[in-house]
Amino acid sequence: MPEGHTLHGLARDLNAAFAGTSPQVTSPQGKFAEGAALLDGRKVLEASAWGKHLFVEFEADAWLHVHLGLIGKLSILPRGEGVPPVQGQVRLRLLTDDHVADLRGPNLCAVVTPEHVEGVTARLGPDPLRPDPDSETAWKRVSRSNRSIAELLMDQSVVAGIGNVYRCELLYRHRVDPFRPGREVRRATWDAMWQDICELMPLGLAAGQILTMPDQVEDAKAALAAGEPVVPGERRYMVYRRAQEPCRVCGSKVRTRVVAGRNLFWCGRCQRRR
DNA sequence: ACAGTATGGAGAT
DNA sequence: TCTCCCTACTGTG
């Protein structure tokens, strides 16, 4: 679930539900009992995201730092009558009269200082979902690296927020050879990929779903431009998780191999550009 | 019941 | 490059 658009959506939803309130903070599972006690009853100032990191600023310089990792989930729901029953392993629960947020399976959930937050964000590359992300910084890292572009796109210090789905799909959309070293990628190619990801991720945020299929992207862009809600549709991708299936353009079998610790999917015939 | 998988990342080797 | 952590769901026996 969690690539950058997910975390930005959660920050947005946390703000809508909790900004300005002083929620009860608990750790039903117990693994975050100390941190929960520290935050309990404090006022929430603002939630924000940088890449896949989620921060919630509470009053008096206490920040909640969450990273969902591969399997973490955060649900934010309006609260009905009574206290919603705890289901499964809930590391952290925020509760007000109106809302309940449950965090399960995070890679990281900690109370940290403002300095710590600065340290974390300083190590992250530009995030296409933050205002004025700096493409040049990312390009410098890419163009000076011997590592493959498929590895570089997964490196959060190069671009923050891209995960395996956006990586596979972005490379495919631009017909880029995933194994080409960063220093051999053309400037024009990078610029086009950067511009594309800067459009795709806001669509993903608006839809609550990664959209990379040309028809879905077009519909979403039109809806966004018209000020209409972007409705999530069928989960379809160009190459992601389509190993052995025919490429939607040329029909040759989609290939897969582990790159940077995740399964890369690509079309060996369509993706030859640099 | 158990194995395998998942949109991630840190730390050891 | 490997190993481990976190949770839930799917497929297999």
Side-chain angles (χ1 to χ4, degrees), chain A residues 1-11 27-33 35-36 49-55 64-75 85-93 101-110 112 116 119-125 127-129 146-148 150-173 178-179 197 200-213 216 232-244 254 256-266:
Chain A
M1 202 75 153
E3 297 195 20
H5 68 296
T6 306
L7 283 301
H8 282 267
L10 289 171
S27 178
Q29 173 202 54
K31 285 191 184 178
F32 185 60
W50 192 313
K52 299 167 188 166
H53 294 257
L54 176 64
F55 303 102
L64 176 67
H65 180 194
V66 170
H67 195 295
L68 293 179
L70 187 56
I71 61 179
K73 284 183 167 56
L74 175 60
S75 67
V86 172
Q87 289 181 356
Q89 299 291 307
V90 176
R91 181 79 54 91
L92 163 74
R93 166 171 276 194
D102 283 343
L103 174 66
R104 294 179 178 81
N107 205 15
L108 171 72
C109 174
V112 300
H116 177 91
V120 170
T121 56
R123 273 176 249 119
L124 293 170
D127 175 349
L129 284 171
N146 288 319
R147 295 153 66 207
S148 69
E151 282 180 273
L152 289 163
L153 285 177
M154 289 293 273
D155 184 337
Q156 300 298 297
S157 67
V158 174
V159 181
I162 292 182
N164 198 25
V165 181
Y166 276 125
R167 161 177 79 164
C168 297
E169 297 289 295
L170 190 63
L171 288 168
Y172 182 86
R173 284 170 63 86
F179 302 100
I197 196 67
L200 289 177
M201 292 187 78
L203 295 181
L205 173 59
Q209 176 188 326
I210 294 175
L211 301 175
T212 57
M213 297 283 288
Q216 293 185 327
E234 195 188 344
R235 267 183 53 164
R236 286 184 294 132
Y237 304 106
M238 295 305 286
V239 285
Y240 175 71
R241 291 257 264 169
R242 297 191 63 245
Q244 302 300 320
V254 172
T256 183
R257 185 195 299 177
V258 174
V259 176
R262 323 290 324 157
N263 291 315
L264 173 74
F265 300 89
W266 82 102

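Please read these numbers as outputs of a predicted model, since none were measured by experiment.
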Q: Determine the Euclidean distance between corresponding P atoms of dG9(B) and dC9(C); express it in Å to zero decimal places.
A: 23 Å
Q.
For the backbone of Gly125(A) and the side chain of Trp50(A), can you confirm whether one donor and one acceptor N or O come within less than 3.5 Å of each other?
A. yes
Q.
Please report the distance, rounded to the nearest Å, between NE2 in His65(A) and C1' in dA10(B).
A. 13 Å
Q: May I ask you to check if Arg257(A) and Phe179(A) form a cation-pi contact, with NZ or CZ under 6.0 angstrom from the six-membered ring centre and within 45° of the axis?
A: yes
Q: Check every strand shown and say whether Arg262(A) touches a base, only sugar-phosphate, or nothing at a heavy-atom separation below 4.0 Å.
A: base
Q: Quickly work out the His53(A) NE2 to dA10(B) C1' distance and round it to whole Å.
A: 11 Å
Q | Short side-chain N/O contact to dT7(B) OP1/OP2 from Lys52(A), under 4.0 Å | A | no
Q: Take the protein atom CG of Leu170(A) and the nucleotide atom P of dT7(B), then report the distance between them rounded to whole Å.
A: 17 Å
Q.
Work out how far the C1' atom of dT7(B) is from that of dT1(C), and round it to whole angstrom.
A. 22 Å
(Q) Does Ile197(A) form a side-chain contact (heavy atoms from CB on, under 4.5 Å) with Ile162(A)? I'd like the steps, not just the answer. (A) CA-CA 9 Å; Ile197(A) 196 67; Ile162(A) 292 182; 4.1 Å; yes
**Q.** Closest nucleotide among dC6(C), dA8(C), dA6(B) to the Gln89(A) side chain
**A.** dA8(C)
Q. How long is the line joining CG of Leu153(A) and P of dT7(B), in whole Å?
A. 15 Å
Q. Rounded to whole angstroms, how far apart are CD1 on Ile71(A) and P on dT7(C)?
A. 6 Å
Q.
Nearest whole Å is fine: how far is dC6(C) C1' from Lys31(A) NZ?
A. 7 Å
Q: Using atom CZ of Arg123(A) as one end and atom P of dG8(B) as the other, report the distance to the nearest whole Å.
A: 19 Å
Q.
For dT7(B), does the base pair up with any side-chain atom of Arg235(A) as donor and acceptor (N or O, under 3.5 Å, distance only)?
A. yes
(Q) Any side-chain N or O of Gln29(A) below 4.0 angstrom from OP1/OP2 of dT7(C)? (A) yes
Q. What nucleotide among dT7(C), dT7(B), dG9(B) has an atom nearest to a side-chain atom of His67(A)?
A. dG9(B)
Q.
Side-chain N or O of Tyr166(A) versus OP1/OP2 of dT7(B): is the shortest distance under 4.0 Å?
A. no
Q) Say you pick atom P in dA8(C) and the same atom in dA10(B); how far apart are they, in whole Å? A) 23 Å
Q | With sequence neighbours excluded, residues passing side-chain hydrogen bond (donor to acceptor under 3.5 Å, both in side chains) with Asn107(A) | A | none
Q | Phosphate-side-chain proximity, Asn263(A) and dA6(B), N/O vs OP1/OP2 below 4.0 Å | A | yes
(Q) Counting only side-chain nitrogens and oxygens, does Lys73(A) get under 4.0 Å of the OP1 or OP2 atom of dT7(C)? (A) no
Q: Looking at every strand, decide which applies to Gln209(A) at a 4.0 Å heavy-atom threshold: base, sugar-phosphate, or nothing.
A: nothing
Q. Mind checking the P distance from dA1(B) to dC6(C)? Whole angstroms is fine.
A. 23 Å
Q) Going through the distances and angles, do Arg91(A) and Arg104(A) end up as a side-chain contact (heavy atoms from CB on, under 4.5 Å)? A) CA-CA 6 Å; Arg91(A) 181 79 54 91; Arg104(A) 294 179 178 81; over 6 Å; no
Q.
Does dA6(B) have its OP1 or OP2 closer than 4.0 Å to a side-chain nitrogen or oxygen of Arg241(A)?
A. yes
Q: Among dA6(B), dA8(C), dG8(B), find the nucleotide with the atom closest to the side chain of Glu3(A).
A: dG8(B)
Q | Ring geometry between Phe55(A) and His53(A) (parallel below 30°, tilted from 30 to 60°, perpendicular above 60°) | A | parallel
(Q) How many whole angstroms separate atom OH of Tyr240(A) from atom P of dA6(B)? (A) 6 Å
**Q.** N/O donor-acceptor pair, side chain Asn107(A) with base dG9(B), under 3.5 angstrom
**A.** no
